[in-house]
Amino acid sequence: RGRLPLDAAYLHPDCTVVAVETRDRALAPRADFRRDFPLAVLLSLWVVLLLGFFQVRRGLKPLEELREATRRLANRDFSGRVEVVSRDELEELADAFNATSARLGRQFHTLAAMAAIGRAALSAAGVDAIARAALDHLPEVLPCDLAAVTVLDEGRPDEAETRVAGTGAGEAPGARRHPRHELAGLAALARGEARVAHSGPFADEGLGLAAAGARSLLQLPLAAEGQLIGVLSVATRAERAYGAEHALTLQEVADQLAIALHQARLEERLDPERRRLADLLEQLPDGVVVVDGDRLTVLANRAARAVLP
């Protein structure tokens with residue numbers, strides 16, 4: 001209800017205009033609001049729940065990948081990696097897991113290589129079998145396209161034997177003899193220093209590095225009783241692939257390999273003497289039995305075997 005200035009048009013100062021509307025029509029917007037507001041709230045709630053569900057699923061996916069990777073790790077599968085790009089704590093956790101998995105893999109394969117070398121040494125299989133046991137496991141210890149075990153010849157100071165395994169290395173089942181001077185850095189290796197080189201392509205150096213296209217090289221001395229008896233080498237086509245951490249990992253294998261090779265050499269030296277002793281004892285008329293520190297029979301001649309049970 002209100003007053004309008006109608007004096008000029010109708011020449012009457014007291015004209016009143018009255019607008020009338022029903023109560024239902026006047027209150028219709030409020031009724032519509034009461035009807036639509038709960039629906040809008042319910043719809044918003046469902047949207048929020050749906051978005052929250054997908055966000056939680058998205059956040060749990062890296063945890064599921066970590067759980068699956070942990071299961072693979074328990075089954076000695078160290079090759080899997082967890083890829084998370086979230087720029088938060090989950091990405092840092094995935095990176096830490098990948099680094100830990102890689103270290104565990106190297107340690108596990110290092111122990112496997114050392115065990116294989118030890119078994120070959122205990123079986124008295126000889127230098128070639130020990131070197132091959134190491135070469136079979138080196139690609140699992142460190143990434144490499146070529147691995148080589150070089151044994152310096154005791155009887156010929158200017159010569160060495162190298163056994164090579166790897167792609168493009170022209171690997172052969174036996175050892176390849178070559179002059180020692182084909183091994184670069186031998187003086188530093190004799191001082192017990194590791195050689196890490198990233199200046200490939202390299203000269204052949206008796207290892208087949210040129211044929212393998214090697215760009216990174218890691219060499220460790222094999223020493224026993226203070227003397228250099230050989231060289232353990234790994235190489236790869238990747239640029240700047242090796243560092244101090246890789247040298248420490250490979251050093252464990254090199255130490256075990258040096259001990260095994262030294263023991264094999266001692267066995268080779270003792271074999272002729274052992275055979276001569278066995279032949280001499282066989283000719284004696286009296287029974288002779290040789291036992292070790294555990295009182296286990298090591299040798300018995302023919303006369304002794306005739307009376308022993």
A.B. asks: Rounded at 0.5 Å granularity, tell me how far OG1 in T162 sits from CG in L183.
C.D. replies: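 Here the rounded value is 5.5 Å.
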A.B. asks: For D136 and P139, which heavy atoms make the closest approach, and how far apart are they?
C.D. replies: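 So the two residues come closest at O-CD, 3.9 Å.
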A.B. asks: Evaluate the criterion side-chain contact (heavy atoms from CB on, under 4.5 Å) for residue pair L261 and V151; output intermediate values, then yes/no.
C.D. replies: CA-CA 8 Å; L261 290 175; V151 180; 4.1 Å; yes
A.B. asks: Answer yes or no: is there a side-chain heavy-atom contact under 4.5 Å between V234 and V141?
C.D. replies: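 Side chain of V234 against side chain of V141, heavy atoms only: no contact under 4.5 Å found.
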A.B. asks: Which value, rounded to the nearest 0.5 Å, describes the distance between L232 atom CG and L250 atom CG?
C.D. replies: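 It is 4.5 Å, given to the nearest 0.5 Å.
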A.B. asks: List in chain and number order the residues that pass side chain to side chain contact (heavy atoms under 4.5 Å, CB included) with Q107, two or more places apart in sequence or in another chain; answer none if no residue qualifies.
C.D. replies: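 Listed in chain order: L104.
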A.B. asks: Is any side-chain heavy atom of L135 closer than 4.5 Å to a side-chain heavy atom of V149?
C.D. replies: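 Counting from C-beta outward, L135 and V149 do come under 4.5 Å.
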A.B. asks: Given 3.5 Å as the limit, does a donor-acceptor pair link the side chain of D145 with the main chain of R237, or not?
C.D. replies: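 Present.
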A.B. asks: Under 3.5 Å, side chain of S44 to main-chain N/O of A40, donor-acceptor pair present?
C.D. replies: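 It does hold such a pair.
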A.B. asks: Decide yes or no for T150 and Q219: does some side-chain heavy atom of the first lie under 4.5 Å from some side-chain heavy atom of the second?
C.D. replies: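 Heavy-atom side-chain distance check fails, nothing below 4.5 Å.
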A.B. asks: Kindly give the heavy-atom pair with the smallest separation between S216 and A238, and that separation in Å.
C.D. replies: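 So the two residues come closest at OG-O, 2.7 Å.
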A.B. asks: Side chains of I229 and H262, heavy atoms from C-beta outward: is any pair under 4.5 Å?
C.D. replies: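 Touching, per the 4.5 Å side-chain cut-off.
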A.B. asks: Can you measure from SG (C144) to OH (Y242) and round to the nearest 0.5 angstrom?
C.D. replies: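 Going from SG on C144 over to OH on Y242, the span is 5.0 Å.
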A.B. asks: Can you tell me how far the CD1 atom of I130 sits from the CD1 atom of I259, to the nearest 0.5 Å?
C.D. replies: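 Nearest 0.5 Å value for the CD1-CD1 distance: 11.5 Å.
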A.B. asks: Does atom CZ of R240 have more than 12 heavy-atom neighbours from other groups under 6.0 Å away?
C.D. replies: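 Count not over threshold, so no.
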A.B. asks: Check this for me: does any side-chain nitrogen of one of E193 and R195 sit under 4.0 Å from a carboxylate oxygen of the other?
C.D. replies: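 Looking at R195 together with E193, the answer is no, because their closest N to O distance does not fall below 4.0 Å.
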A.B. asks: So which atom in A133 and which in A116 form the shortest heavy-atom distance, rounded to 0.1 Å?
C.D. replies: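 The pair with the smallest heavy-atom distance is CB-O, 4.0 Å.
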A.B. asks: Does a side-chain heavy-atom distance below 4.5 Å link V289 with V291?
C.D. replies: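 Contact flag for V289/V291 side chains = yes.
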A.B. asks: First locate atom CZ of R156, then atom CZ of R180, and finally report the distance between them rounded to the nearest 0.5 Å.
C.D. replies: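 Those atoms lie 12.0 Å apart.
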A.B. asks: Is there a donor-acceptor contact under 3.5 Å from the side chain of R163 to the main chain of R132?
C.D. replies: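 Flag not set: sc R163 to bb R132 has no pair under 3.5 Å.
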A.B. asks: Report the distance from atom CG of L218 to atom OG1 of T236, rounding to the nearest 0.5 Å.
C.D. replies: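 So the gap between those two atoms works out to 11.5 Å.
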A.B. asks: When you look at R177 and D153, which way does the side-chain contact (heavy atoms from CB on, under 4.5 Å) test go after all the steps?
C.D. replies: CA-CA 9 Å; R177 302 191 66 85; D153 195 325; 2.3 Å; yes
A.B. asks: Take a 6.0 Å sphere around CD of E68 and say whether it holds more than 12 heavy atoms from other residues, nucleotides or ligands.
C.D. replies: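 Yes - once you tally the heavy atoms of other residues, nucleotides and ligands closer than 6.0 Å, there are more than 12.
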A.B. asks: Give a yes-or-no answer on whether the side chains of T110 and E252 include a donor-acceptor pair shorter than 3.5 Å.
C.D. replies: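 Distance-only check fails for T110 and E252.
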A.B. asks: Give the minimum heavy-atom separation between A113 and H137, together with the two atoms involved.
C.D. replies: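 The answer is CB-CB, 3.5 Å.
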A.B. asks: Of all the heavy-atom pairs spanning A258 and A224, show the shortest one and how long it is.
C.D. replies: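 So the two residues come closest at O-CB, 4.5 Å.
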A.B. asks: Quick check: do E239 and H198 have side-chain heavy atoms less than 4.5 Å from each other?
C.D. replies: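 Side-chain contact under 4.5 Å: no.
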A.B. asks: Check whether any side-chain heavy atom of L146 sits under 4.5 Å from a side-chain heavy atom of L217, and report yes or no.
C.D. replies: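 Side-chain contact under 4.5 Å: no.
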A.B. asks: Kindly indicate whether the side chain of R103, heavy atoms from C-beta on, has any atom under 4.5 Å from the side chain of E245.
C.D. replies: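 Result yes, sub-4.5 Å side-chain heavy-atom pair found.
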A.B. asks: For the pair N301 (side chain) and D286 (backbone), establish whether a donor and an acceptor sit closer than 3.5 Å, ignoring hydrogens and angles.
C.D. replies: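 Yes; at least one donor-acceptor contact below 3.5 Å.
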